[in-house]
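Working notes, structure below.
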Amino acid sequence: MPARRPARQGKPTPASPRVVAPVPGERRPGDVLHWLMKSEPDVFSFADLLRAPARTTGWEGVRNYQARNYMRDGMRVGDRVLFYHSNAAPSGVAGIAEVARAAYPDPSQFDRTSEYFDPKATREAPIWMQVDIRAVEAFAQVIPLEALKADAALTGMEVTRTGSRLSVQLVSPAHFERVVALGRR
DNA sequence: GCCAACGTTGGC
DNA sequence: GCCAACGTTGGC
């Protein structure tokens, strides 16, 4: 299921990683990283994830290199994810999910009938990757972006910055815990 | 629906 | 490799 709205793409080149992986070999077994992933609830909401088989979905449709690199190079099974509703009323964090499967090729890039189809991609040389995400905990209500911006403890959090467009973001442990505290309140 | 911010493309 | 034009994201 589409986790992201369609993003028309021009010329993906597999070798374009000017984006540094978030966690060079410094992660130890057992370390958990924290992320934020955006989805437009009209396309795929946290409620949709709760209803999905095994409360899990493939995060297909990401067509941005930095977001791809975060998923491919940064995410591990068990990492925690803030599920963010974008283009919504209100936009904000709807719940917690976790990485259920590490990165693998996004099948939609090969599918001519998909809006995410990428003619440059081949099975031998896939361009786009996805992870699987499983719902962990729904917040009683969405924490609006406005509340995130107003919270002093969340100063500097990427999603609160004006013009923050990246659909997969790294979140510091402190920011993650703070958002969870707000969500449980 | 508007439009600011930002990423991508392509001419040079 | 620069950068203007263009397309997209996403808050409001």
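In what follows, every chain begins at residue 1, and chains take the letters A, B, ... in the order their sequences are listed. Keep in mind that this is a model prediction, so the values were computed, not measured.
The ring-ring contact (aromatic ring centres under 6.0 Å, His included) check on A:Phe176 picks up A:His34, with sequence neighbours excluded. With sequence neighbours excluded, the residues that form a ring-ring contact (aromatic ring centres under 6.0 Å, His included) with A:His85 are A:Phe83. Not a single ring-ring contact (aromatic ring centres under 6.0 Å, His included) links A:Tyr84 to another residue, sequence neighbours left out.
Shown for residues 106-114 of chain A: no residue has heavy atoms falling under 4.0 angstrom of DNA chain C.
When the C1' atom of C:dT9 is taken as reference, atom CZ of A:Arg161 falls 17 Å away, rounded to whole Å. In this structure, CG of A:Asn64 is placed 9 Å from P of C:dG10, rounded to the nearest angstrom. Remark: P of C:dC12 and CG of A:Leu148 are 11 Å apart, rounded to the nearest angstrom. Distance, A:Glu115 CD to C:dT8 P: 13 Å, rounded to whole Å. Atom P of nucleotide C:dG11 and atom CD of A:Glu158 are separated by 12 Å, given to the nearest angstrom. The CD-C1' distance, from A:Glu146 to C:dG10, rounds to 16 Å in whole Å. Nucleotide C:dG11 holds its C1' atom 17 Å from the CG atom of A:Leu166, rounded to whole Å. Distance NZ (A:Lys120) to P (B:dT8): 15 Å, rounded to an integer number of Å.
One finds no side-chain N or O of A:Lys38 lying less than 4.0 angstrom from the OP1 or OP2 phosphate oxygen of C:dG11. Look at A:Tyr84 and you'll find a side-chain N or O under 4.0 angstrom from OP1 or OP2 of C:dG11.
For residues 104-114 of chain A, every residue pair satisfying the salt bridge (Lys or Arg N to Asp or Glu O under 4.0 Å) rule, not counting sequence neighbours, is listed here: A:Arg63-A:Asp106.
Counting Ile, Leu, Val, Met, Phe, Trp and Tyr side chains that sit under 4.5 Å apart, directly or through other members, A:Met129 stands alone, with no cluster partners.
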Could you list the protein-to-nucleotides 2-6 of chain B atom pairs, N/O on both sides, closer than 3.5 Å?
{"from": "B:dA5", "atom 1": "N3", "to": "A:Arg165", "atom 2": "NH1", "distance (Å)": "3.3"}
{"from": "B:dC6", "atom 1": "OP1", "to": "A:Thr162", "atom 2": "O", "distance (Å)": "3.4"}
{"from": "B:dC6", "atom 1": "O2", "to": "A:Arg165", "atom 2": "NH1", "distance (Å)": "2.2"}
{"from": "B:dC6", "atom 1": "O2", "to": "A:Arg165", "atom 2": "NH2", "distance (Å)": "3.4"}

Please tabulate, for the side chains in residues 96-105 of chain A, all donor-acceptor contacts under 3.5 angstrom to protein atoms that are two or more places apart in sequence or on a different chain.
{"from": "A:Glu98", "atom 1": "OE2", "to": "A:Arg134", "atom 2": "NH1", "distance (Å)": "2.6"}
{"from": "A:Tyr104", "atom 1": "OH", "to": "A:Gln130", "atom 2": "NE2", "distance (Å)": "2.5"}
{"from": "A:Tyr104", "atom 1": "OH", "to": "A:Asp132", "atom 2": "OD1", "distance (Å)": "2.4"}

Quick one: side chains of residues 135-148 of chain A, donor-acceptor pairs under 3.5 Å with protein atoms, not counting sequence neighbours, listed by atom name and distance.
{"from": "A:Glu137", "atom 1": "OE1", "to": "A:Arg184", "atom 2": "NE", "distance (Å)": "3.4"}
{"from": "A:Glu137", "atom 1": "OE1", "to": "A:Arg184", "atom 2": "NH2", "distance (Å)": "2.8"}
{"from": "A:Glu137", "atom 1": "OE2", "to": "A:Arg184", "atom 2": "NE", "distance (Å)": "3.0"}

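A 4.5 Å side-chain heavy-atom check between A:Gln169 and A:Arg161 finds every atom pair outside the cut-off. In this structure, A:Met157 and A:Val179 have side chains that are in contact, with non-hydrogen atoms separated by less than 4.5 Å.
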